[in-house]
Amino acid sequence: METKIKEARYLRIYEQLKGLLTKTDFDISRMATIAALLHHKMDYFFWTGFYLLVDDELLVGPYQGSLACQKIEKNTGVCWAGINQMKTIIVPDVHQFPGHIACDSRSNSEIVVPIYKNNKVVGVLDVDSNKFNSFDEIDAKWLEKICKLI
Ligand code: SME
């Protein structure tokens with residue numbers, strides 16, 4: 001997607017989310033709203049959702065898209081890399097990422113954004129695309145901003 005169009009679309013989504021996320025402080029409801037809106041507004045988002053750290057396990061949270069793995073084996077794949085490195089991970093070609101977990105074999109690129117509560121990582125936003133090289137620094141910037149709304 002062209003840079004200008006992508007920036008404008010994220011800005012609209014962000015403004016809409018700020019309005020939508022005023023109804024409750026319950027994290028799961030806020031994540032469900034974010035996943036649904038992003039998934040339906042961004043046409044290259046093939047799977048959009050959250051994995052949450054629960055008792056040191058990474059378990060699936062609210063998501064949109066095809067059926068996902070419920071639990072991700074510790075310290076494997078892109079989501080755990082985001083948790084362990086505490087930074088956004090952009091993977092242009094998931095097939096080249098050591099230990100990548102393919103919940104759906106149609107995924108080709110991915111971005112993982114850590115979510116923080118009280119300065120601790122509590123989970124990640126994970127987005128897959130069925131095209132290669134879908135995510136860049138604009139996605140990283142806006143998805144990080146969106147995750148701060150939770
Ligand atoms: N690919 C992720 C697993 C989650 S699915 O993409 C929904 C990973 O490697 O951690």
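Since this is a predicted model, take the numbers as computed values, not measurements. In listed order, ligands and their atoms are each counted from 1.
With a 4.0 Å cut-off on non-hydrogen atoms, Tyr51 touches ligand 1 through its side chain and not its backbone. Looking at Ile72 against ligand 1, only its side chain comes within 4.0 Å, counting heavy atoms. Residue Ile101 touches ligand 1 through backbone and side chain together, judged by heavy-atom distances below 4.0 Å.
Taking every non-hydrogen atom of Gly77 and a distance limit under 4.0 Å, the qualifying atoms of ligand 1 come out as 9 (O), 10 (O). For ligand 1, the atoms closer than 4.0 angstrom to any heavy atom of Trp47 are 7 (C). Those atoms of ligand 1 with a heavy atom of Asp128 less than 4.0 angstrom away are 5 (S), 6 (O).
Cation-pi geometry between Lys131 and Tyr44 is not met: the NZ or CZ atom fails to fall both under 6.0 Å from the ring centre and inside 45° of the normal.
Judged purely by distance below 3.5 Å, without hydrogens or angles, the side chains of Glu73 and Trp80 never pair a donor atom with an acceptor atom. Asn108 and Asp93 share no donor-acceptor pair across their side chains, judged by distance under 3.5 Å alone. A donor and an acceptor atom, one from each side chain of Ser109 and Asn133, are nowhere located under 3.5 Å apart. A donor-acceptor contact closer than 3.5 angstrom links the side chains of Glu144 and Thr88.
Some N or O of Glu110 is nearer than 3.5 Å to an N or O of ligand 1, by distance alone. For Asp126, a nitrogen or oxygen atom sits less than 3.5 Å from a nitrogen or oxygen atom of ligand 1, counting backbone and side chain alike. In terms of polar-atom proximity, defined here as any N/O pair under 3.5 Å, Val78 does make such a contact with ligand 1. By the 3.5 Å distance cut-off applied to N or O atoms, Thr76 is not counted among the residues near ligand 1. Polar contact check, Cys79 against ligand 1: a nitrogen or oxygen pair lies under 3.5 Å apart.
For atom 5 (S) of ligand 1, the closest non-hydrogen atom on the protein side is Cys103 SG, 3.3 Å.
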Report task. Could you give me the CA-CA distance, side-chain angles and deciding distance for Lys6 and Asp139, then say whether salt bridge (Lys or Arg N to Asp or Glu O under 4.0 Å) is met? Result -> CA-CA 8 Å; Lys6 197 188 261 198; Asp139 298 278; 2.4 Å; yes

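In summary, Arg12 and Glu7 do not engage in a salt bridge, as defined by a charged side-chain N under 4.0 Å from a carboxylate O. In summary, Lys117 and Asp27 engage in a salt bridge, as defined by a charged side-chain N under 4.0 Å from a carboxylate O.
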